[in-house]
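One structure is given here, and the rest of the page talks about it.
Throughout, numbering of the chain's residues begins at 1 and tracks the sequence.
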Amino acid sequence: MTYSVAVSGASGYAGGEILRLLAAHPDIEIRTVTAHSNAGQPLIQHQPHLRSLAHLTLQDTTPEVLAGHDVVVLALPHGQSGQYTDALGETPLVIDAGADHRLTSQDAWAAFYGGDFHEPWAYGVPELLVDAGSGTGTKQREVLRSARRIAAPGCNASTVSLSLAPGVAAGVIDPGDIVSVLAVGPSGAGKSLKPHLLGSELLGTANPYAVGGTHRHIPEIRQALAAASGAAPDGIRVSFTPVIVPMARGILATCTAPIAEGATDAQIRDAWQSAYGDETFVQLLPEGSFPRTADVLGANTALMGLAIDRAANRVVVVTAVDNLVKGTAGAAVQSMNLALGLPEDRALTVNGVAP
């Protein structure tokens, strides 16, 4: 069976990456692409690397244009998806790459985003541990298999959550003192022109932003780690500092947390090995090895290195992802495959591009 797909926000970075992956998907027909200010223009004018989709023209983003497809993927700025999702009740599968349906807490939405709150959807991180602390935990993929509404994750949020969920679930780290510092590429901020993202402002420098607990991905991290442990989000405390660096795409996240009392080195490493040892797209590197962002460029892979710093009494996890693939579009396609009953890795690769 071939599924018809409409992609909104198709002229942006996230929309373009979703289209790049879907263009190689044997079970998908990309029938419709939409945009706002760029409507009426050829897709190839805004995504010149997508040569196989040169026949498509950007249409207006309206519920009427999006309706009538098997799958609708919304790659819109935060706060804009809700107006369309409410009108797509007859669409079999809708995937939102924005934040509108990620958070379960209305208070957290009001504090970090504001505007209308929309119902939470199935969270699109298949490898994330869910309620493992209760002893009956599974992976989020089991939820996604029956999902008809999916919220793709925030790229920073899913990277930090995947980095620490095994330790939180196994009780070998203290989730009350998490520190995460991320080097991120500016493509995560979208394609709209912003002075601080100009090449002349980025090249040769590293720029911190959203410092001091203000980044919008913090409640998403706390929510995901709480789900992994089966505890309340109040017990998850995260100091989160992202830093823009001059690479087009990629995230290198360094996450640390105190070692839980009595946890041995073997128990700590086993927590991550048990969580990801059989996973295709989340891979724990051998002891003493740590990833580079170059290793995951273009791949749907999260590579993870683990260190146990007994002098500081902290576990250190360094994770590299491509923010536009595993962080956004790859997570959306992987979740879509699960929801449609297709092989989870369809149209996705673990191989990066080098040099």
Side-chain angles (χ1 to χ4, degrees), residues 2-36 38 43-44 46-59 61 65-66 69-78 80-81 84-85 88 91 93-102 121-126 144 147 149-155 158 185 187-192 248-249 281 296-301 321-340 342 344-349:
T2 299
Y3 298 92
S4 62
V5 175
V7 176
S8 70
S11 59
Y13 287 139
E17 195 70 359
I18 290 166
L19 289 170
R20 183 180 74 86
L21 298 177
L22 292 180
H25 200 300
D27 304 297
I28 294 298
E29 176 196 358
I30 302 171
R31 185 176 297 173
T32 303
V33 291
T34 78
H36 285 287
N38 297 318
L43 174 68
I44 202 75
H46 298 275
Q47 307 288 6
H49 60 299
L50 300 180
R51 307 311 300 177
S52 67
L53 303 180
H55 60 286
L56 293 173
T57 298
L58 294 164
Q59 300 183 51
T61 301
V65 171
L66 295 173
H69 298 81
D70 298 313
V71 182
V72 171
V73 184
L74 302 170
L76 301 172
H78 305 320
Q80 293 190 18
S81 298
Y84 301 106
T85 58
L88 293 172
T91 302
L93 178 61
V94 181
I95 302 170
D96 183 12
D100 292 32
H101 296 276
R102 292 176 191 160
W121 289 356
Y123 193 49
V125 184
L144 291 165
R149 297 292 182 267
I150 296 171
C155 54
S158 61
S187 59
K191 206 172 186 179
S192 299
R249 57 165 84 196
F281 295 119
V296 296
L297 185 66
N300 191 52
T301 315
V321 305
D322 185 323
N323 60 293
L324 291 179
V325 189
K326 185 56 176 168
T328 306
V333 172
Q334 190 179 345
S335 299
M336 180 198 74
N337 286 336
L338 285 164
L340 296 177
L342 301 172
E344 189 173 336
D345 62 351
R346 187 69 57 87
L348 299 170
T349 181

Which residue pairs pass the side-chain hydrogen bond (donor to acceptor under 3.5 Å, both in side chains) test with at least one member in residues 47-56, sequence neighbours excluded?
none
Apply side chain to side chain contact (heavy atoms under 4.5 Å, CB included) to residues Thr91 and Leu66 and explain how you reach the verdict.
CA-CA 9 Å; Thr91 302; Leu66 295 173; over 6 Å; no
Criterion side chain to side chain contact (heavy atoms under 4.5 Å, CB included) on Tyr84 and Leu76, from CA distance to verdict:
CA-CA 10 Å; Tyr84 301 106; Leu76 301 172; 3.6 Å; yes
Do any N or O atoms from the side chain of Asp322 and from the backbone of Gly298 form a donor-acceptor pair under 3.5 angstrom?
yes
If I take atom OG1 from residue Thr32 and atom CG from residue Leu58, how far apart are they, to the nearest 0.5 angstrom?
11.0 Å
Taking all atoms of both residues into account, what is the closest heavy-atom pair of Ser11 and Asn38, and its distance?
OG-ND2, 3.1 Å
Looking only at heavy atoms, the pair that brings Pro153 and Tyr123 closest together is CB-OH, 3.5 Å
Tightest non-hydrogen contact, residues Ala331 and Asn300, listed as N-OD1, 3.8 Å
Value rounded to 0.5 Å, distance of CD in Glu344 from CZ in Phe281
7.0 Å
Would a distance-only check, ignoring hydrogens and angles, find a side-chain to backbone donor-acceptor pair under 3.5 Å from Asn323 to Arg249?
no
Looking at CG of Leu22 and CD of Glu17, how far apart are the two atoms once the value is rounded to the nearest 0.5 Å?
10.5 Å
Side chain to side chain contact (heavy atoms under 4.5 Å, CB included) with Val94: which of Ile150, Val71, Leu74?
Leu74
Without swapping roles, check the side chain of Ser8 against the backbone of Ala75 for a donor-acceptor pair under 3.5 Å.
yes
Just verifying a value: how many Å separate Ile44 CD1 and His46 NE2, rounded to the nearest 0.5 Å?
11.0 Å
Once rounded to the nearest 0.5 Å, what's the spacing between atom CG of Leu324 and atom CG of Leu297?
9.5 Å
How close do Ala97 and Arg102 get, heavy atom to heavy atom, and via which atoms?
O-NH2, 3.0 Å
Please name the residue in the list Val73, Val5, Leu56, Val33 that meets the side chain to side chain contact (heavy atoms under 4.5 Å, CB included) test with Leu19.
Val33
Checking Ser187 side chain against Ala248 main chain: does a donor-acceptor pair fall under 3.5 Å?
yes
For the pair His101 and Thr85, evaluate side chain to side chain contact (heavy atoms under 4.5 Å, CB included) and give the outcome as yes or no after the intermediate values.
CA-CA 10 Å; His101 296 276; Thr85 58; 3.0 Å; yes
Backbone N or O of Ile28 within a donor-acceptor pair of the Thr2 side chain at under 3.5 Å?
no
Are the side chain of Ser4 and the backbone N or O of Asp70 linked by a donor-acceptor pair below 3.5 Å?
yes
Is a side-chain N or O of Asp100 found less than 3.5 angstrom from the main chain of Ser81, in a donor-acceptor match?
yes
Residues Leu21 and Ala347: closest non-hydrogen pair is O-CB, 3.7 Å
Supply the atom-to-atom distance Leu43 CG to Gln59 CD, rounded to the nearest 0.5 angstrom.
11.5 Å
Would you call Pro126 and Leu338 a side-chain contact if the rule is heavy atoms closer than 4.5 Å?
yes
Work out which heavy atom in Ala14 is nearest to a heavy atom in Thr328; give both atom names and the distance.
CB-CG2, 4.0 Å
Tell me if a side-chain donor or acceptor on Arg149 pairs with a main-chain N or O of Ala122 at a distance below 3.5 Å.
no
Is it the case that the side chain of Ser158 and the backbone of Cys155 share a donor-acceptor pair, with hydrogens and angles ignored and the cut-off at 3.5 Å?
yes
Heavy-atom donor-acceptor pair, Asn337 side chain to Arg346 backbone, under 3.5 Å
yes
Where do Thr301 and Lys326 land on the side chain to side chain contact (heavy atoms under 4.5 Å, CB included) test, with the steps shown first?
CA-CA 6 Å; Thr301 315; Lys326 185 56 176 168; over 6 Å; no
